[in-house]
K.L.:
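Attaching a single structure in structure tokens format; questions to follow.
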Number of protein chains: 2
Amino acid sequence: MGTYAHGRLLDVYISAKVDYAVRAMCAVADAGDRPVTAEALASSQGLPPKFLESILNDLRRAGLLRSQRGAEGGYRLARAAKEITVADIIRPLDGPLAEVRGLRPEATNYEGAAAHLQDVWVAVRSSLRSVLEVVTLADIVAGKLPTSVVRLTTKADAWVSR
Amino acid sequence: MGTYAHGRLLDVYISAKVDYAVRAMCAVADAGDRPVTAEALASSQGLPPKFLESILNDLRRAGLLRSQRGAEGGYRLARAAKEITVADIIRPLDGPLAEVRGLRPEATNYEGAAAHLQDVWVAVRSSLRSVLEVVTLADIVAGKLPTSVVRLTTKADAWVSR
DNA sequence: ACTAACCCTGGTTGATTACTAGGTTTAGTA
DNA sequence: TACTAAACCTAGTAATCAACCAGGGTTAGT
């Protein structure tokens with residue numbers, strides 16, 4: 001059972017909620033059209049069961065999962081695994097991909113020496129999207145990411161901490 | 001006089017602290033080698049004065065600013081504006097650029113259907129770095145960002161919310 | 001001395017994250 | 001018709017943290 005660490009606010013933070021959601025969605029995708037129970041997902045991925053339940057509910061309300069109650073019930077994908085990106089999972093759970101002090105990047109307004117800072121934040125969001133809106137569940141389950149994404153992981157120092 | 005909104009945890013969040021820090025650093029860079037007082041920075045950029053003071057202190061301890069006390073005192077850059085990237089400012093204030101549930105991306109460990117999820121998070125961090133480790137204070141003040149960054153801001157839909 | 005500036009310790013308020021508890025409803029099976 | 005397995009729902013909680021503010025101490029020019 002994990003350590004259930006609490007979040008810290010920093011530049012990019014993948015919350016436990018999102019991390020668990022993506023892992024569960026991968027496991028559901030991997031089961032094909034057979035429904036998978038919340039408990040099976042929790043134990044196969046090592047996730048806190050009750051927390052996962054509420055996440056699965058959110059994903060259903062977001063239109064990403066279909067559920068069936070009762071015995072022989074469980075969850076399955078609402079559409080094909082290749083039609084669900086990581087961004088599709090993040091946004092209904094955690095909100096927009098990028099914000100600056102609570103504002104969308106395009107809504108910021110800078111003056112004086114920092115006048116061009118807005119362009120930097122827009123570029124940050126754009127670079128994020130070039131990964132999260134491109135990688136699908138099918139890609140992750142198959143272990144074959146798009147080449148533009150693979151290129152990022154094979155860059156010099158991509159795996160070192162800084 | 002801003003609204004002083006509180007932060008929400010989501011994928012990319014530029015905190016008020018970082019936003020203020022970058023703006024202040026831009027204004028200091030813009031002043032050349034003349035020292036600028038905290039009060040002048042606060043009023044020229046519209047930042048909360050006492051909060052800014054503590055941020056400037058952090059930046060000094062991080063080796064990015066040099067300060068002088070007393071009358072005719074103030075802050076100036078510790079090194080050339082073209083040698084200070086946005087990532088240099090973020091890291092001492094908010095910690096590492098990317099974390100997953102409190103872990104660095106390369107320290108995560110996934111099994112089963114989600115085994116390749118780690119690559120996605122590493123790619124996300126890598127794409128972030130390709131902006132934040134490349135843009136310098138000199139670029140922002142001059143309004144001339146590197147072409148690889150400009151390319152991101154001119155992509156289709158780069159300025160729309162989603 | 002006076003004063004303008006940085007420096008330092010500490011506190012507050014409200015929000016959020018990462019969960020848990022416990023019951024209600026639905027739907028197959030004996 | 002009971003039984004049971006599963007989804008569903010409404011709460012609630014502890015710890016953490018962001019985004020500030022107050023107030024005094026220290027340094028250095030005039």
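Computed from heavy atoms alone, side chains included, the values below leave out hydrogens, waters and symmetry copies. So you know, we letter chains A, B, ... as the sequences are listed, proteins then strands, and number each from 1. In this text the structure is predicted, and so the values were computed from the model without any measurement.
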K.L.:
Let me know the distance between CG of A/Leu65 and P of D/dA6, rounded to the nearest Å.
P.N.:
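So the two atoms are 17 Å apart, to the nearest Å.
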
K.L.:
I want to check one thing: is the phosphate of C/dC7, taken as OP1 and OP2, less than 4.0 Å away from some side-chain N or O of B/Arg60?
P.N.:
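Looking at the OP1 and OP2 atoms of C/dC7, one of them is under 4.0 Å from a side-chain N or O of B/Arg60.
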
K.L.:
Please determine if a side-chain N or O atom of A/Asn57 lies less than 4.0 Å away from the OP1 or OP2 oxygen of D/dA7.
P.N.:
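No.
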
K.L.:
Quick one: CG on A/Leu77 to CG on A/Asp33, what's the gap to the nearest 0.5 Å?
P.N.:
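The distance works out to 10.0 Å.
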
K.L.:
Phosphate oxygens OP1/OP2 of C/dA18: is one of them under 4.0 Å from a side-chain N or O of A/Tyr13?
P.N.:
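A/Tyr13 to C/dA18 OP1/OP2: side-chain N or O found under 4.0 Å.
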
K.L.:
Identify each donor-acceptor pair in which a side-chain atom of residues 154-162 of chain A lies under 3.5 Å from a protein atom, sequence neighbours left out, and give them as a table.
P.N.:
| from | atom 1 | to | atom 2 | distance (Å) |
| --- | --- | --- | --- | --- |
| A/Thr154 | OG1 | A/Val150 | O | 3.1 |
| A/Thr154 | OG1 | A/Arg151 | O | 3.1 |
| A/Asp157 | OD2 | A/Arg162 | NH2 | 3.2 |
| A/Trp159 | NE1 | A/Thr153 | O | 2.9 |
| A/Ser161 | OG | B/Glu106 | OE2 | 2.9 |
| A/Arg162 | NH1 | B/Glu133 | OE1 | 3.3 |
| A/Arg162 | NH1 | B/Glu133 | OE2 | 3.0 |

K.L.:
What is the distance, to the nearest angstrom, from the CZ atom on A/Arg76 to the P atom on D/dA6?
P.N.:
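Distance check: A/Arg76 CZ to D/dA6 P gives 14 Å.
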
K.L.:
Taking atom types as they are modelled, is there a donor-acceptor pair under 3.5 Å from the base of C/dC6 to the side chain of B/Gln68?
P.N.:
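Between C/dC6 and B/Gln68, which were checked side chain against base, a qualifying N/O pair under 3.5 Å is absent.
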
K.L.:
For B/Leu47 and D/dA19, give me the distance from atom CG to atom C1', rounded to whole Å.
P.N.:
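Atom-to-atom, B/Leu47 to D/dA19, this comes out as 13 Å.
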
K.L.:
Rounded to the nearest Å, what distance is computed from the CG atom of residue A/Leu52 to the C1' atom of nucleotide C/dA18?
P.N.:
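One finds 13 Å between C1' of C/dA18 and CG of A/Leu52, rounded.
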
K.L.:
How long is the line joining CD1 of A/Ile55 and C1' of C/dT20, in whole Å?
P.N.:
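Going from CD1 in A/Ile55 over to C1' in C/dT20 covers 13 Å.
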
K.L.:
Is there, by distance only and without an angle test, a donor paired with an acceptor across the side chain of B/Glu53 and the base of C/dC6 below 3.5 Å?
P.N.:
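Flag unset: no donor-acceptor pair detected.
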
K.L.:
Does a side-chain N or O of B/Thr37 approach OP1 or OP2 of C/dA4 to a distance below 4.0 Å, or not?
P.N.:
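No, no such contact exists.
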
K.L.:
Tell me which of A/Lys17 and A/Lys50 sits closer to the 5' end of DNA chain C, going by the nucleotide each one is nearest to.
P.N.:
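The answer here is A/Lys17.
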
K.L.:
With respect to the phosphate group of C/dC8, does any side-chain polar atom (N or O) of B/Arg69 fall under 4.0 Å of OP1 or OP2?
P.N.:
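No, because none of the side-chain N or O atoms of B/Arg69 sits under 4.0 Å from OP1 or OP2 of C/dC8.
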
K.L.:
The side chain of A/Ala71 lies closest to which of these nucleotides: D/dA7, C/dG28, D/dC20?
P.N.:
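Looking only at heavy atoms from C-beta outward on A/Ala71, the closest nucleotide is C/dG28.
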
K.L.:
Using a cut-off of strictly less than 4.0 Å, decide whether B/Arg66 has a side-chain nitrogen or oxygen near OP1 or OP2 of C/dC6.
P.N.:
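Looking at the OP1 and OP2 atoms of C/dC6, neither is under 4.0 Å from any side-chain N or O of B/Arg66.
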
K.L.:
Does a donor on one side chain sit under 3.5 Å from an acceptor on the other, for B/Asp139 and B/Thr136?
P.N.:
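There is such a pair between these side chains.
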
K.L.:
Starting at CG of A/Asp58 and ending at P of D/dC9, how long is that distance when rounded to a whole Å?
P.N.:
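Atom CG in A/Asp58 sits about 11 Å away from atom P in D/dC9.
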
K.L.:
Atom OH of B/Tyr20 and atom C1' of D/dC20: how far apart are they, to the nearest Å?
P.N.:
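One finds 9 Å between C1' of D/dC20 and OH of B/Tyr20, rounded.
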
K.L.:
Should we count CZ of A/Arg66 as having more than 12 external heavy atoms under 6.0 Å?
P.N.:
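No.
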
K.L.:
Could you tell me whether the side chains of B/Tyr13 and A/Asp94 share a donor-acceptor contact shorter than 3.5 Å?
P.N.:
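Judged by distance alone, the side chains do not pair up.
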
K.L.:
Starting at the 5' end of DNA chain C, which residue's closest nucleotide do you reach first, B/Tyr75 or B/Glu72?
P.N.:
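The 5'-side residue here is B/Glu72.
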
K.L.:
Please report, rounded to the nearest Å, how far the C1' atom of C/dT13 is from the CZ atom of B/Phe51.
P.N.:
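Between C1' of C/dT13 and CZ of B/Phe51: 14 Å.
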
